[in-house]
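For reference, the structure is listed below as structure tokens.
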Amino acid sequence: MPPTSRSRTRARPGDGALLRDEILRAATALLEEAGDESALTLRAVAARVGVTTPSVYLHFASKQDLVEAVCLAVWEDLGRRMREVGAGVEDPYQSMRRRGAAFVRFGLEHPVQYRLLMMRPQSDTQTGWTAANACLAYVGEAIQPCLDAGVLVGDPTRLTLQMLAALHGLVALYLAQPDYPWPDDVETMADEVTRMAGLGSALAGRLRGPGPAPSTSAFAAGFDALAQALHGAEGANPAATLDPKDTEPPDGETPGTEPPNGTPEGAEPSGGGPLP
């Protein structure tokens, strides 16, 4: 569908910031409608806003500048969401689970922006690095309380990279291979991947050191004993999983993009593995 132009009242002096916001909103809509940046031209954005193309050039020197601004405009929301779903959760590990699931949900709700900033070679600009470093910082914030509490041990940067590799890997695989036999409940899948990375790092951090690696049978017996001990912990609920609403923004806003094979509205979660 061609861009829809509309008449627009001429901006008053000093209203440049308002016009810039309008341009970003129009560009975001065009980007999401097309599914990639092919339809996002300065001429198309100008037509959507109802201004001349030179008016857009006053705020964005090139299409690349505009694309990057549109992507970064939503990126700060990732950090806000991760902090908000973890706020008020006293247990550091449970907070990390919620933040990890929120990261995955965000990536699937903003597939175009996520692909452009996290799934293509870096350009000559710093925008891709800005987004990537922000992701690293957000995940670092999520795992730091686990380090402080002694759940995780080891180098914070290394642990952050391990968790980000797991979360980003899930988002990237969902976006690149939507026809894989994904489970209906993306929330539970995200929680399982977060737990897998968290528990794996927690255990690996305690097994580092000299000496031969344990045998497969020793691992199996040790894991069984650990699971029994954790199930018997006071107040533990072996069947507990994250409720999808725990990873959504507090105001309950509806996601903008349904993940591939995502849970239909009103469907019940399919459940998940035992804690931790």
Side-chain angles (χ1 to χ4, degrees), residues 1-85 102-139 141 168 171-172 175 248-259:
M1 178 182 294
T4 303
S5 62
R6 61 182 177 85
S7 60
R8 181 180 180 278
T9 303
R10 182 181 297 273
R12 295 173 298 177
D15 282 352
L18 295 177
L19 175 56
R20 187 179 190 278
D21 289 343
E22 286 188 58
I23 292 171
L24 283 176
R25 285 195 296 271
T28 299
L30 286 169
L31 191 68
E32 293 177 347
E33 289 168 8
D36 57 46
E37 58 185 306
S38 61
L40 188 59
T41 65
L42 298 186
R43 183 185 299 275
V45 172
R48 177 67 65 95
V49 176
V51 297
T52 62
T53 303
S55 297
V56 178
Y57 275 108
L58 291 175
H59 297 274
F60 301 98
S62 67
K63 170 183 174 177
Q64 184 62 32
D65 288 344
L66 180 56
V67 169
E68 291 174 351
V70 168
C71 292
L72 288 179
V74 302
W75 218 247
E76 292 183 0
D77 191 44
L78 171 59
R80 178 187 65 80
R81 288 195 189 191
M82 292 180 69
R83 294 185 189 104
E84 287 180 347
V85 298
F103 180 102
V104 173
R105 181 178 236 349
F106 178 89
L108 298 181
E109 288 177 8
H110 302 283
V112 181
Q113 292 93 331
Y114 196 92
R115 287 191 186 98
L116 290 174
L117 291 179
M118 295 292 289
M119 295 175 62
R120 68 175 182 177
Q122 300 297 335
S123 64
D124 293 334
T125 69
Q126 291 296 311
T127 304
W129 283 114
T130 299
N133 287 335
C135 282
L136 197 63
Y138 299 152
V139 175
E141 290 177 12
H168 169 71
V171 175
L175 297 180
E248 295 177 353
D251 57 6
E253 63 188 39
T254 302
T257 302
E258 182 69 20

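Numbering starts at 1 and runs along the sequence shown.
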[atom2] on [Y] to [atom1] on [X], rounded to 0.5 Å:
X: Phe106; Y: Cys135; atom1: CZ; atom2: SG; value: 8.0 Å
X: Arg105; Y: Leu78; atom1: CZ; atom2: CG; value: 13.5 Å
X: His59; Y: Leu42; atom1: NE2; atom2: CG; value: 12.0 Å
X: Gln113; Y: Glu68; atom1: CD; atom2: CD; value: 13.0 Å
X: Leu19; Y: Leu58; atom1: CG; atom2: CG; value: 8.0 Å
X: Glu84; Y: Asp77; atom1: CD; atom2: CG; value: 8.0 Å

Quiz item: Met118 versus Trp75: any side-chain heavy-atom pair under 4.5 Å?
Solution: yes
Quiz item: Taking side chain as C-beta onward, heavy atoms only, is Asp36 less than 4.5 Å from Leu31?
Solution: no
Exercise: identify the closest heavy-atom pair between [X] and [Y]:
X: Tyr114; Y: His168; answer: OH-ND1, 2.7 Å
X: Val85; Y: Ala102; answer: CG2-CB, 3.8 Å
X: Gly107; Y: Leu175; answer: O-CD1, 4.3 Å
X: Phe60; Y: Ala69; answer: CE2-CB, 3.6 Å
X: Arg48; Y: Ala26; answer: CG-CB, 3.5 Å
X: Cys71; Y: Leu116; answer: SG-CD1, 3.7 Å

Quiz item: side-chain contact (heavy atoms from CB on, under 4.5 Å) between Tyr138 and Arg83: does it pass, once the steps are laid out?
Solution: CA-CA 8 Å; Tyr138 299 152; Arg83 294 185 189 104; 3.7 Å; yes
Practice problem: Dump the intermediate steps for side-chain contact (heavy atoms from CB on, under 4.5 Å) on Leu72 and Leu117, then the final yes or no. | Solution: CA-CA 8 Å; Leu72 288 179; Leu117 291 179; 4.2 Å; yes
Quiz item: Can we say Arg80 and Glu76 salt-bridge, meaning some charged N sits less than 4.0 Å from an Asp/Glu carboxylate O?
Solution: no
